[in-house]
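Structure, as C-alpha cells:
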Number of protein chains: 2
Amino acid sequence: MTQPRWLDQTEMAAWRAFLTTSHLLERRIEEHLKAAAGLTHPQYEILVRLAEAPGRRLRMTELARDVVVSKSALTYQVGGLEKAGLVERLTCPSDDRGVLARLTSAGADLLERVAPAHLEIVRDYLVDRLSRAELLAMTTAMRRTEEALRASG
Amino acid sequence: MTQPRWLDQTEMAAWRAFLTTSHLLERRIEEHLKAAAGLTHPQYEILVRLAEAPGRRLRMTELARDVVVSKSALTYQVGGLEKAGLVERLTCPSDDRGVLARLTSAGADLLERVAPAHLEIVRDYLVDRLSRAELLAMTTAMRRTEEALRASG
DNA sequence: CAGTGGTCGTTCAAATCTGAACAACAGCTG
DNA sequence: CAGCTGTTGTTCAGATTTGAACGACCACTG
C-alpha cells in the first residue's frame, strides 16, 4: 500500500457536499413520488426508461443497468408495477431465458400525470440553481466517474 | 398548477448523470466498506463525524442530521456499532432525554485503518477526475441545493 | 405548581435492498 | 449432438430503511 493521500480542504468539501446533497435530494424525491403516485423512485425511473425505449419494452438486465439497481431489486419493483397494471412481462422471442418489461397504457398515463411535479422538484432544488456552464461541467464530470465505475464494475 | 416545464437536453443530461453516478458510487463504496471492515456506509460516516466532534461525541439528533439518515435508521446503525465496541452511548448530562454517541478508541483505530482505502475510492472515481475549478463549482452548486432542501424540509 | 406544546430517542411492522443459490437457457467447441 | 462455460431472471434469507406510534422529558405559560 502506498502512502495514504488524504483529501485537502477543497476536495473534502466537494465530496461531502456531493454526498450530503445526493442523499437529501433522494429523500425528497422518494417522499414526493410516494405521496403523489404511490411509486418508489426506482419504479418511477423504470417507467421513464420504458417510455423512451422502442416498443416501450426493455430486457430486465438492460433495465437494471439503466436504473442502477440490482437484479433482485428490479424483479421486486417490476413485480409491484405489474400488480398495479403499469407494466407487463413478456417472454423474449429471441431468447427464452429473457423477460421483456413493457409499459402499459395505464403506465404511460400515470407517468405523464406524475412527471411534471417530479421534474419541478428536480428543477427547484438542482437544475435551476446551476448555470448553463455548471450544468455542462457537472455532466462531463459525472460521466467521467460513471464511465470509470462501469468499466471496473 | 402552471404549465409543465420539461427539462431540455442539457438539463436532462446533467440530472441523469448526477443521479446515475451517485447511485453507482454509493454501491461501490458500500461494497468496499462491507468487505474491508464490515461497515455500512452510514456507519462509516457516523464514525467520521464522531472522530471530528469535540470530545468525540455527538447527540443522536445532530448525528442523524449530519449523516442524512432517519432517526430510526440511526438508532439501528449505532446499535450495531455499539455491539461491535466501536461506539458507546452516554446519557446526555444537560438533557435527560438525550443520548450521546461517543467514539471508542477501538472505533478510532478502525477508522484510521479503513479511511485510506475508502478515500482512495473517492479519489479514483470522483475527486481526481475533477479539476480544481470543477471541484469548487460542484461544491457551491451542491451547497445551494443542500441549503434549499434543508430550509424546506 | 399544573398544564401545554414540542423535542428526543426508541420500538415496531411493513417495505425494500443485497448477495448467494438456483434452474433454465444460449453459445460455442469438439 | 454431447459437453462446457456464461448469462438470465427468480427466489430466498437476512440486513436495512421508513414512518408512525410511543413514553419520557424539556421549556414555557398562567
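If you're wondering where the values come from, they're calculated on a predicted model, not measured in any experiment. All chains are named by letter (A, B, ...) in the order of the sequence lines, taking the proteins before the strands, and each is independently numbered beginning at 1.
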Legend entry - Donor-acceptor under 3.5 Å (B:R49 side chain, B:A64 main chain): no

Legend entry - B:S152-A:R28 side chain donor-acceptor pair, cut-off 3.5 Å: yes

Legend entry - From SG (B:C92) to CG (B:D96), nearest 0.5 Å: 8.5 Å

Legend entry - Atom-to-atom span, CD of B:E30 to P of C:dC17 - whole angstrom: 13 Å

Inset, instruction - Could you run through nucleotides 22-27 of chain D and give me one letter per nucleotide, 5' to 3': B if any protein heavy atom sits under 4.0 Å from the base, S if only the sugar-phosphate is that close, - if neither? - result: --BBS-

Inset, instruction - Using only side-chain N and O atoms of A:Q77, determine if any of them is under 4.0 Å from OP1 or OP2 of C:dA15. - result: no

Legend entry - Toward the 5' end of DNA chain C, by each residue's nearest nucleotide, A:V69 or B:R89: B:R89

Legend entry - Residues from residues 31-43 of chain B lying under 4.0 Å of DNA chain D - heavy atoms: B:K34, B:T40, B:P42

Legend entry - Integer-rounded Å distance: D:dT8 P and A:L63 CG: 13 Å

Inset, instruction - Whole angstrom is fine here: how far is it from CZ in B:R65 over to P in C:dT7? - result: 15 Å

Inset, instruction - Grab the CZ-P distance between A:R27 and D:dT16 for me, whole Å please. - result: 17 Å

Inset, instruction - Give the rounded distance in Å between these two atoms: CG of A:L74 and C1' of C:dA15. - result: 17 Å

Inset, instruction - Would you indicate, yes or no, if C:dG19 has its OP1 or OP2 atom less than 4.0 angstrom from a side-chain nitrogen or oxygen of A:S72? - result: no

Inset, instruction - Rounded to the nearest angstrom, tell me the gap between atom CD1 in A:I46 and atom C1' in C:dC17. - result: 13 Å

Inset, instruction - Round to a whole Å and report the spacing from OH of A:Y76 to C1' of D:dT16. - result: 13 Å

Legend entry - Distance, rounded to the nearest Å, where B:K83 contributes NZ and D:dA15 contributes C1': 12 Å

